[in-house]
Amino acid sequence: MDYCIINSPLGCTRIEGDTDGVSSITVLNSDETLTEIIPKSLQNCALQLDEYFNGSRTIFKIKQNPKGTDFQKKVWNALRLIPYGKTLSYLELSKQLGDVKAIRAVANANGKNPLWIVVPCHRVIGTDGSLTGYAGGLHSKQWLLNHESPVTQQSLF
């Protein structure tokens with residue numbers, strides 16, 4: 001398994017994968033030594049994350065190979081369909097998946113998403129519009145939603 005550590009606006013980010021695809025993208029809670037030479041199998045992912053953060057990419061085209069249960073993969077596939085700059089509630093996501101009663105299982109699968117940003121779990125919010133649990137912290141979720149927002153707030157001063 002190859003890995004690299006790159007910098008992002010939200011901290012050091014670890015990418016893992018191989019020729020079968022990217023299996024994990026996580027933000028680390030500590031400073032790490034950045035990878036000087038990114039393995040070939042991860043170069044496209046690192047480039048696309050950089051493009052996302054600089055505002056030139058809204059859709060990822062990365063070979064993905066996340067590890068999870070069939071149900072988790074079903075949820076992650078549904079997350080990929082949430083458009084850039086849009087949000088969806090856990091309840092709406094559960095309805096889309098065909099079982100409104102599965103809201104907790106959907107939320108749990110969402111929380112186990114191994115492909116940070118590429119599978120946009122940050123776009124799922126509470127039914128009342130509130131920010132709810134996010135593995136990277138609510139400040140990161142808010143940052144990502146602001147980054148994707150079509151409305152740019154101008155400073156008054």
Side-chain angles (χ1 to χ4, degrees), residues 1-6 8-30 41-42 44-53 55-153:
M1 181 75 56
D2 295 328
Y3 81 93
C4 67
I5 298 177
I6 62 170
S8 82
L10 296 173
C12 291
T13 302
R14 181 181 175 103
I15 305 170
E16 296 179 11
D18 53 29
T19 56
D20 292 332
V22 176
S23 57
S24 175
I25 304 170
T26 54
V27 175
L28 305 173
N29 291 326
S30 61
S41 63
L42 305 176
N44 185 40
C45 182
L47 173 66
Q48 289 189 38
L49 284 170
D50 186 53
E51 291 170 343
Y52 168 84
F53 284 117
S56 64
R57 176 168 296 277
T58 59
I59 296 172
F60 290 96
K61 295 180 179 177
I62 295 169
K63 187 175 180 182
Q64 301 171 26
N65 188 22
K67 306 294 185 245
T69 66
D70 288 343
F71 179 76
Q72 288 170 332
K73 289 178 181 180
K74 181 179 176 182
V75 172
W76 301 336
N77 284 331
L79 292 172
R80 288 182 185 100
L81 301 177
I82 304 171
Y84 181 92
K86 303 290 182 189
T87 58
L88 192 69
S89 74
Y90 288 99
L91 180 60
E92 292 168 314
L93 185 59
S94 297
K95 287 178 182 177
Q96 283 183 5
L97 291 167
D99 187 356
V100 69
K101 294 178 183 176
I103 190 168
R104 287 188 182 196
V106 167
N108 188 38
N110 191 57
K112 293 192 187 304
N113 167 26
L115 296 174
W116 178 67
I117 296 181
V118 172
V119 174
C121 58
H122 61 278
R123 296 179 189 156
V124 183
I125 58 173
T127 304
D128 63 358
S130 64
L131 297 185
T132 57
Y134 187 65
L138 292 182
H139 66 286
S140 293
K141 186 172 189 167
Q142 184 67 64
W143 189 97
L144 292 165
L145 293 174
N146 289 344
H147 176 69
E148 295 182 3
S149 175
V151 178
T152 303
Q153 183 73 20

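The figures that follow rest on heavy atoms only: side chains count, while hydrogens, waters and symmetry mates do not.
- Here the CD1-OG distance, from I15 to S23, works out to 10.5 Å after rounding to the nearest 0.5 Å.
- With hydrogens and angles ignored, the 3.5 Å screen pairs a side-chain donor or acceptor of S94 with a backbone N or O of Y90.
- Contact between G17 and S41 at its shortest, heavy atoms only, is O-OG, 4.1 Å.
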Are L145 and L131 close enough, and set up right, to give a side-chain contact (heavy atoms from CB on, under 4.5 Å), and what steps lead you there?
CA-CA 10 Å; L145 293 174; L131 297 185; 3.5 Å; yes

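- Here L47 pairs with E51 under the side chain to side chain contact (heavy atoms under 4.5 Å, CB included) rule; sequence neighbours left out.
- The environment of CG in L81 is crowded: more than 12 heavy-atom neighbours from other residues, nucleotides or ligands sit within 6.0 Å.
- Exactly one of N146, T132, L10 qualifies for a side chain to side chain contact (heavy atoms under 4.5 Å, CB included) with K141. That residue is T132.
- To the nearest 0.5 Å, atom CG of residue N108 and atom CD of residue Q72 are 7.0 Å apart.
- A tilted orientation is assigned to the rings of H147 and F53, their planes being inclined by 30° to 60°.
- Of the listed residues (V118, L88, V106, L93), just one forms a side chain to side chain contact (heavy atoms under 4.5 Å, CB included) with L79, and that residue is L93.
- With rounding to the nearest 0.5 Å, the separation of CZ in F60 from CD1 in I117 is 6.0 Å.
- Taking all atoms of both residues into account, the shortest heavy-atom contact from K61 to N44 is O-ND2, 3.4 Å.
- Classification of the H122-Y134 ring pair by plane angle, with boundaries at 30° and 60°, yields perpendicular.
- With a 6.0 Å radius and a threshold of 12 heavy atoms from other residues, nucleotides or ligands, D128 has its CG atom above the threshold.
- Residues I25 and Q64 have side chains not in contact (no heavy-atom distance under 4.5 Å, counting atoms from C-beta outward).
- Of the possible polar contacts, none joining the D50 side chain to the A46 backbone as a donor-acceptor pair under 3.5 Å is found.
- Heavy atoms of other residues, nucleotides or ligands lying less than 6.0 angstrom from OH of Y3 number 12 at most.
- Closest approach of R123 to I82, counting heavy atoms only: NH1-O, 2.7 Å.
- Residues W116 and R14 have side chains not in contact (no heavy-atom distance under 4.5 Å, counting atoms from C-beta outward).
- Pairing each heavy atom of P114 with each of P66, the nearest pair is CG-CB, 3.6 Å.
- Counting only distance, with no hydrogens or angles, the side chain of N113 and the backbone of V119 share a donor-acceptor pair below 3.5 Å.
- Note that CD of Q142 is 9.5 Å distant from OG of S149, once rounded to the nearest 0.5 Å.
- Remark: I6 CD1 to L49 CG distance equals 5.0 Å, nearest 0.5 Å.
- Listed for the S24 side chain is no donor-acceptor partner under 3.5 Å among the backbone atoms of V22.
- To the nearest 0.5 Å, the span separating CG on L91 from OG1 on T127 amounts to 4.5 Å.
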